[in-house]
Structures are given as structure tokens and as C-alpha cells.
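Remarks on the structure that follows.
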Number of protein chains: 2
Amino acid sequence: MTGLRERKKQATREALMTAALRLALERGLDNVRVEDIAAEAGVSPRTYNNYFASKYEAITARHTDRVRASVEALRARPAGEPFWDALTEAMVQPWARHAGTTGQAPAPELLAGIRMLSEEPALRAESLKVAFAADGELAAAIAERVGADPARDLYPSLVAVTVTAAVQAGVAHWLRADPPVPLVPVLRDCLRALAAGLPAPTE
Amino acid sequence: MTGLRERKKQATREALMTAALRLALERGLDNVRVEDIAAEAGVSPRTYNNYFASKYEAITARHTDRVRASVEALRARPAGEPFWDALTEAMVQPWARHAGTTGQAPAPELLAGIRMLSEEPALRAESLKVAFAADGELAAAIAERVGADPARDLYPSLVAVTVTAAVQAGVAHWLRADPPVPLVPVLRDCLRALAAGLPAPTE
DNA sequence: AGAAAATTTGCTGATCACGCAAAATCCTTC
DNA sequence: GAAGGATTTTGCGTGATCAGCAAATTTTCT
């Protein structure tokens, strides 16, 4: 079923994503026009907009995929697993390959890309948008798992939204850790703290 | 010190905000151009952009003010107050006047405005942007209060970001509650749960 | 009143995003 | 393997947003 058509579509999508990211990293976000990205990917500018609705979508597409992957990962966790274990693993998983627990440093280009997402205001906004756009689905998956009604109960959406936020905080902390630290444990800490409660440290 | 200049500036800002909101509610967001808002406020289109950088900023300006107000409110809480009490009150305060604990229903126009913020994707994105743009400041205020170093400690930013998210969830829940419920208790519940931990309901 | 400072405004240019229809490409069926 | 159908790409045109710049207007200060 993987016709040439689908493969080509995936390929241009991929080409546009990497072109956008590469150019933005090289020249700075403001010196990249849609036209440039399209040219780099060997495609007409009009086609760019068939794939991505805004100039920034292509750059944040990887992040969009990560977010969606978390939702799917949660749905794929074994049924017996305790809820917070499942949720933690699901949230961590898409980040694991970037910067695992092992000492190996993440690819610098990849890190620069993530850093740009959190430093360029326009990309930060786009990232937030996709993260919280998906959180209806995340809430639904959570509701399903804990047996709640997502429309009436506050719990699923509260957990979905705060977990999403906690991951953001974890990534941000990871980005600014001076002796670099591995990301995955940071994320686990965030989620464990969230599950257990956030009392003030000194009280 | 309240020269005519400053008063006029406040007035046009206010006029632009209300004009933008009114038009968006009346016609739908997509049928409002910057030009229309400026005309409604009796000002040139170019001036609109001196006040607001995007078409959506004016509409979400009230929300922006709420977010900022929370940060200031936290800084203004009495020093002896327990941390989570202070934080809860600070987050709730800007919303309190809209829909307090008392039975009085909120002004329908006001409610429609808030609902539009969470239903129109573009406005939702803008709201998220301002909420999380301010959360560096919120984290700083939290760090100050609990005596932490916002650059090194994860706690302040984790709390800031999750609290912001929890408020979002609370407001969203309030908006879809079928027999309407007062907002403030919902927000308090969200924040109490966040502070105490979010174990799965049935485990 | 008159100079200095700040704000408003019109103009302009760069860019973006999308509708539409023609051209190009891929897939299916005979 | 060729014709016909379906999908994608592309070019063109349109409407709109946003920011820089300099002139005009308004407020403030002396």
C-alpha cells in the first residue's frame, strides 16, 4: 500500500521540515522566507502551503510529531500498568531518543533546534499551540485509562494540561542546565513531582 | 503625573480593546479587519499597530492584563502567608470579579468573550502565548517567595508553568459546565489538587 | 509664546496565506 | 501498456497583516 504517491508526499514533507529547520538555524528565523524553504526543498512556494499552513509550522513539525506520539504512546501502554507509570513513560518516550539517560551528548544540531523552539518567540508560540491543541486528545486518552468522563470530570483535562506544562518546564530546565544533564531523568522528576504534589520546599 | 498624554493613551488602548472584542463577537473573528477595529476606535490603522503588534493582541489584551495581574498579586500577598495560599489567591484574584462565588451570573458578553478566547484557535494560541510569556516572571516571583534560585532550581518554573496550565484547565471546565458553576471554587480546586498531588482517582 | 518631546498618520514595501483552475504526475483498469 | 480517472503540484491573483520612515499634529516644558 505504500504507493509512490504516499512515499513522495512523505518525502516532500520531510524535505520541507528539514529545509525549514536548517535554514532557520543557519540564517536566523527572520531571514528565512517561505520561498527559501520551498526552493531548498525543490518545490514551489505554493506547495509549501499545501503542507504547512504557516511559515512556522514546518519548523515545529518535529515537535508536533513528538506531541502526537505521546498520546499514541499512552494509548499503547499495557493495560495493567499503573496510571502514572504509563503516563510518564508515554510523555518521556518521544524525547528519549534525543537525549537519553546515557552519557552521550545529544546531537548539537538537534539541541540547537529545540533551543530555538523555546527562544524564538514565534516558535515558542507555535509550540505551545500544538502542544495544547493536542491536549484534548491527551485528556481523552487519560480519561479512557482512568475510567472517567472527559466531558464532566475535571481530572483528565487537569492532568493532561499540567503534564504538558510540566514537560515544557522540564525541557526548559534541561536546556539551561549548565553542566549539561540528561533530559529523561529531568522529565521523570517533573512528572513524579506533579503526581505526588508540589508543596513549597521549606514549609 | 496623570498628564493628558497618558490619559489619552490609556483611552485609545481601552477603545481599541473594546472595539476589537465587540466586533469579533458581533461578526465573528474572521470578518474583522484591523482597519475595522481602528475605525471603530476612531484612530488610523497605522496607530492600531503602535498599540498592538498583531490583529489578535487587542482582543486578548484583557487576558494579558489578567495574567500580569496575577504576578503582581502574588508579589503583593502578605509575607507570612503560606505559599500555596498566597499563590492560589493571586491566581484567582483576576478572575474573581468575573464570576465570583456568589450566585450572580457573569455578564453574558463577558462570558462570550472568554469563551471565544478558548474556542477560536487563533485566540487560543494568542492566550497561551501571553500566559506562558509571563510565566518567567511568575517563576521569579515564586522563587523569591520560597527562597529558591530560579536559574538553578526546577521548582519555581515547574510550579509556575503547571499553575498556569491548571488555571487554563479550570477555566475550560467552567466554560463547559452544564449547570453553570461559579468559577472561583473550580480554580481553587484545581490549585489545591495541584499542590496536593494528582494520583489517579481509582488507584 | 515658543521650543522640545511624543504621538499619530499616510505611504510604502515585504511577506504571507489561500482560492481557483490549468498542468503535471501517479494509479487503476482493461 | 495505454487510456482514463484521481491526486498533487503549480502559477497567478487577491486580500490582508505588519513594520519602517518621515511629515504633521498634539502635548509638555521653560
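By convention in this document, chain letters (A, B, ...) are assigned in the order of the sequence lines, proteins followed by strands, and residues within each chain are numbered from 1.
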So does K8(B) get a side-chain nitrogen or oxygen closer than 4.0 Å to the phosphate oxygens (OP1/OP2) of dT27(D)?
-> yes

Give a yes/no answer on whether the side chain of T47(A) brings an N or O atom under 4.0 Å of OP1 or OP2 in dT10(D).
-> yes

F52(A) versus A61(A), closest heavy-atom pair with distance = CE2-CB, 3.9 Å

Pairs: protein N or O with nucleotides 3-7 of chain D N or O, under 3.5 Å:
from: dT7(D); atom 1: O4'; to: R5(A); atom 2: NH1; distance (Å): 3.3
from: dT7(D); atom 1: O2; to: R5(A); atom 2: NH2; distance (Å): 3.4

In whole angstrom, what separates [X]'s [atom1] from [N]'s [atom2]?
| X | N | atom1 | atom2 | value |
| --- | --- | --- | --- | --- |
| N49(B) | dA16(D) | CG | P | 15 Å |
| N50(B) | dT26(D) | CG | C1' | 15 Å |
| Y48(A) | dT10(D) | OH | P | 15 Å |

At under 4.0 Å between heavy atoms, what does Y51(B) touch on the DNA or RNA strands: base, sugar-phosphate, or nothing?
-> sugar-phosphate

With the side chain counted from C-beta on, respond yes when R62(B) and I114(B) share a heavy-atom pair under 4.5 Å apart, and no when they do not.
-> no

Would one find more than 12 heavy atoms of other residues, nucleotides or ligands at under 6.0 Å from atom CD of E120(A)?
-> yes

Boundaries of the chain A footprint along DNA chain C (any atom under 4.0 Å from a heavy atom) = dT15(C) to dC27(C)

Is the closest basic N to carboxylate O distance between E72(A) and R68(A) below 4.0 Å?
-> no

Strand-adjacent residues in residues 30-39 of chain B, judged by heavy atoms under 4.0 Å from DNA chain D | R33(B), V34(B)

